[in-house]
Amino acid sequence: MDLGLQGKRALVCASSKGLGLGCAEALAAEGVDLVMNARGPDALEAQADRLRADFGVEVQTVACDVTTPEGQGQVIEAAQGVDILVTNAGGPPPGLWSDWDREDFIKALDANMLTPIAFMKALLPSMMDKGWGRVVNITSQSVRAPIAVLGLSNAARTGLTGYVAGTARQVAPYGVTINNLLPGIHATDRADSLDAGVSAQKGISLDEARAERAATIPARRYGTRQEFGATCAFLCSQNAGFIVGQNILLDGGATNLTM
Ligand code: NAD
């Protein structure tokens with residue numbers, strides 16, 4: 001299927017690894033030029049080189065922490081006029097409801113709510129002027145059903161979801177769509193660190209922790225960054241222009257919901 005994205009330009013935040021990289025790869029495969037970002041330059045430059053070589057697209061890199069005002073300024077400057085925005089950043093640490101103080105919430109809100117909002121505020125106007133744009137926010141299945149140990153994520157991402165629900169309907173008349181992708185467990189470094197926590201807590205091996213988690217998922221496995229990226233590219237496609245303000249779960253059936 002031709003997604004109709006050849007020659008478009010996208011910013012993909014936090015994209016040297018994991019789900020962000022999956023989105024960057026899938027867009028590059030459709031002929032989309034990229035602005036890629038991650039905190040460390042090494043993995044970022046390596047992946048940018050690979051995507052240039054594999055897909056012949058232009059890739060600009062900005063190595064910085066996207067949750068800081070300085071980092072946001074650098075990335076927004078590089079990404080002026082993009083057609084597609086994919087927001088992403090690392091997730092908050094696990095813990096218990098009784099662990100977190102105001103500062104912990106401020107950090108989580110900054111990373112997983114206010115950062116994507118800052119990018120939308122900066123980059124939506126030029127999409128609206130052009131009459132075409134796509135925003136995909138990487139959130140979490142924790143928005144549909146809370147994950148007990150990820151209370152900071154539950155809170156911050158639900159705030160973003162409320163913002164998107166209202167904003168998506170205000171920009172849709174200009175040909176711009178905003179949707180959220182909600183990952184369940186995917187095989188990335190983030191999953192490794194969550195599984196390492198379970199392994200330490202239960203005194204089992206990392207492989208046993210992974211197998212235990214996979215057994216709870218109807219698909220009986222973790223998702224891949226390629227599957228995730230393909231869904232992101234579809235949401236950015238010409239064919240997805242009537243999908244507005246939706247929250248798409250990619251979780252192998254893990255969240256037990258009728259709708
Ligand atoms: P990951 O740890 O595998 O990859 C993180 C990527 O983001 C790396 O490229 C890293 O450099 C970059 N990054 C992290 N924080 C950054 C920052 N502040 N500024 C710039 N770059 C930054 O993570 P992932 O598994 O790809 O997860 C992506 C998002 O999806 C996270 O918010 C995570 O909490 C969420 N999520 C992941 C899963 C999963 O199973 N992998 C499930 C639900 C939600």
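Residues that satisfy the salt bridge (charged side-chain N to carboxylate O under 4.0 Å, His left out) test with Arg210, not counting sequence neighbours, are Asp192, Asp207. With sequence neighbours excluded, no residue forms a side-chain hydrogen bond (donor to acceptor under 3.5 Å, both in side chains) with Arg39.
Comment: Lys202 does not engage Glu208 in a salt bridge, judged by the lack of any side-chain N to carboxylate O separation of less than 4.0 angstrom. Of the charged side-chain nitrogens involved, at least one lies within less than 4.0 Å of a carboxylate oxygen, so that Arg52 and Asp49 count as a salt-bridged pair.
Side-chain contact check for Leu160 versus Ile117: some heavy-atom pair is nearer than 4.5 Å.
Residue pairs meeting the ring pair (Phe, Tyr, Trp, His ring centres under 6.0 Å) criterion with at least one partner in residues 179-226, sequence neighbours excluded, are His186-Phe228. Annotation: salt bridge (Lys or Arg N to Asp or Glu O under 4.0 Å) contacts involving residues 226-246, sequence neighbours excluded, comprise Arg221-Glu227. Each ring pair (Phe, Tyr, Trp, His ring centres under 6.0 Å) pair with one or both residues in residues 78-99, not counting sequence neighbours, would appear here, but there are none. Among residue pairs with one or both ends in residues 113-132, those qualifying as salt bridge (Lys or Arg N to Asp or Glu O under 4.0 Å) are Asp83-Lys130; sequence neighbours excluded.
Taken to the nearest 0.5 Å, the CD1 atom of Ile185 stands 13.0 Å off from the CG atom of Leu250.
Heavy-atom neighbours of Gln238 CD from other residues, nucleotides or ligands within 6.0 Å: above the threshold of 12.
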Practice task
Applying salt bridge (Lys or Arg N to Asp or Glu O under 4.0 Å), run through Glu25 and Arg50 and close with a yes or a no.
Solution key: CA-CA 9 Å; Glu25 282 169 328; Arg50 186 175 65 82; 2.4 Å; yes
